[in-house]
Amino acid sequence: ALGMATPTAILVGTGKGAENGILIKSGEALERAKKINTIIFDKTGTLTKGKPEVTDIVTLGKTSERDVLFYSALAEKGSEHPLAEAILNKAKEKKISVPHAGKFRAISGKGVSASYRNKNILLGNRALMNAERIRITDEIESSLASLENRGKTAMLVAVNRKIAGIIAVADTLKDEAVDVVEKLGKMNIDVIMITGDNERTARAVASNLGIDNVLAAVLPGKKSAEIKKLQRSGKVVAMVGDGINDAPALAQADIGIAIGSGTDVALETGQIVLIKNNLNDVINAIKLSKYTMRKIKQNLFWAFIYNVAGIPVAAGILYPYSGLLLSPIIAAGAMAFSSIFVVGNSALMKRYKMEQSQLRRHHI
Ligand code: ADP
Ligand code: MG
């Protein structure tokens with residue numbers, strides 16, 4: 001019975017998860033989920049739908065709106081970033097044909113660069129322009145800030161090293177995100193949002209979600225270092241993410257939770273995968289973990305109690321007072337019964353009802 005107490009409960013627990021679209025890859029992950037006291041959510045694609053759309057185009061000098069979109073689309077043609085997709089969709093919508101650019105280069109966490117005819121095009125954030133020593137005037141800075149304060153990701157477009165415009169993109173929050181953040185708060189779990197996006201945009205998005213803790217402008221390689229920092233301060237951290245750049249953080253966290261619609265690398269790295277892409281399942285996974293651990297404790301209790309009570313009696317502890325000894329037949333019966341109890345108690349876990357979360361298909 002002792003030997004079966006843990007594995008039978010874990011087996012039924014992970015099965016219960018799978019039935020509800022929560023893939024738990026190991027018993028350890030199921031056991032550890034209960035101890036989580038901090039959850040870090042990636043912004044794009046995890047808290048948001050990951051389908052950003054172009055919302056504003058700001059022109060500077062003589063450049064037309066169409067030109068800003070044309071150059072941006074040109075530069076993004078070789079990129080797989082969600083921001084690139086948004087810009088290319090907008091160009092398509094406006095029936096702008098986008099030729100192939102030369103010398104395409106993606107600059108991780110900053111933007112892209114490309115060339116077309118005799119023009120050099122740069123598209124990205126302030127960090128990119130600073131690295132290229134392209135001047136951002138006060139006027140440009142204030143347009144950027146006003147877009148960012150509204151939760152938009154604003155990108156600068158420079159043609160031949162002169163800023164020609166701003167293109168802004170916004171992503172919608174997942175329907176359940178606000179609710180999940182609030183529920184986690186009530187469970188005394190700290191919620192943190194992490195993103196490569198700039199501080200202002202990140203703060204604006206986080207405030208719509210009721211999240212106070214924001215780690216912004218984190219370069220793709222640095223997400224896992226932020227997790228390590230939290231772990232050193234004694235936190236038990238879960239990371240929820242979807243992107244390639246989240247994979248090292250998913251691996252570093254005490255538990256990595258991958259969104260089912262995410263990239264293959266994230267799915268491979270996460271110890272828990274949420275097939276339904278629904279953030280409510282983060283809570284369901286924690287509750288399932290707590291429930292399973294409770295069952296394991298019950299099982300261990302019933303596996304032990306017969307021995308704790310039976311062995312001393314069988315050894316004659318009561319014999320001097322009452323002449324009581326245990327017959328080996330009773331011992332054998334108790335042993336069998338404790339095994340039956342443990343297996344039966346684990347089997348009863350099948351009755352556990354999980355809150356049903358809806359399947360979400362954002363990325364398909
Ligand atoms: P996230 O953590 O939100 O997935 P990334 O680390 O991929 O963000 O990117 C951080 C920032 O770098 C973006 O908000 C954007 O300003 C800039 N950036 C990255 N890739 C691109 C791109 N292909 N085009 C324009 N800007 C980009
Ligand atoms: Mg992401």
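Order of appearance sets the numbers: ligands from 1, and atoms from 1 within every ligand.
- For ligand 1, the atoms closer than 4.0 angstrom to any heavy atom of G196 are 1 (P), 2 (O), 3 (O), 6 (O), 8 (O), 10 (C), 11 (C).
- Taking all atoms of both residues into account, the shortest heavy-atom contact from M239 to L250 is O-CD2, 3.3 Å.
- Ligand 1 has no nitrogen or oxygen under 3.5 angstrom from a nitrogen or oxygen of K43.
- Between Q298 and N345, the side chains place a donor N or O and an acceptor N or O closer than 3.5 Å (distance only, hydrogens not considered).
- Here L83 has side-chain heavy atoms under 4.0 Å from ligand 1, and that is the only part of it that gets that close.
- Every atom of ligand 1 is numbered from 1 in the order shown, and the set under 4.0 Å from a heavy atom of T153 is 14 (O).
- Proximity to T44 (heavy-atom distance under 4.0 Å) selects the following atoms of ligand 1: 3 (O).
- No donor-acceptor contact under 3.5 angstrom links the side chains of N160 and N120, judged on distance only.
- For the pair E76 and ligand 1, the shortest N or O to N or O distance falls below 3.5 Å.
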Side-chain donor-acceptor distances from residues 132-159 under 3.5 Å, at least two apart:
from : atom 1 : to   : atom 2 : distance (Å)
T137 : OG1    : I140 : N      : 3.3
E141 : OE1    : R126 : NE     : 3.0
E141 : OE2    : R126 : NH2    : 3.1
S142 : OG     : E139 : O      : 3.1
S143 : OG     : E139 : O      : 3.2
E148 : OE1    : R126 : NH2    : 2.9
E148 : OE1    : R200 : NH1    : 3.1
E148 : OE2    : R126 : NH1    : 3.2
E148 : OE2    : N198 : ND2    : 3.3
N149 : ND2    : A145 : O      : 3.2
R150 : NE     : S146 : O      : 3.3
K152 : NZ     : D56  : OD1    : 2.9
T153 : OG1    : D197 : OD2    : 2.5

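- Taking every heavy atom of V112 and a limit of under 4.0 angstrom, the matching atoms of ligand 1 come to 23 (N).
- Not counting sequence neighbours, the partners of E85 by the side-chain hydrogen bond (donor to acceptor under 3.5 Å, both in side chains) test are K51.
- Less than 4.0 angstrom separates some heavy atom of S79 from each of these atoms of ligand 1: 23 (N).
- Of all the heavy atoms of K223, the ones lying under 4.0 Å from any atom of ligand 1 belong exclusively to the side chain.
- For the pair K223/I40, no side-chain contact is recorded, criterion being any heavy-atom separation below 4.5 Å from C-beta on.
- Nearest-residue assignment for atom 7 (O) of ligand 1 (options M155, H81, E85; heavy-atom criterion): H81.
- Only the side chain of N245 comes within 4.0 Å of ligand 1, counting heavy atoms alone; its backbone N, CA, C and O stay farther away.
- For E182 and K186, the salt-bridge test passes: some basic side-chain N is under 4.0 Å from an acidic carboxylate O.
- Proximity to T195 (heavy-atom distance under 4.0 Å) selects the following atoms of ligand 1: 2 (O), 3 (O).
- Residues D67 and T59 fail the side-chain proximity criterion, which asks for heavy atoms closer than 4.5 Å.
- Between the side chains of D171 and T48, a donor-acceptor pair is found at a separation under 3.5 Å.
- Contacts with ligand 1 closer than 4.0 Å are made by side-chain heavy atoms of P220 only, the backbone lying farther away.
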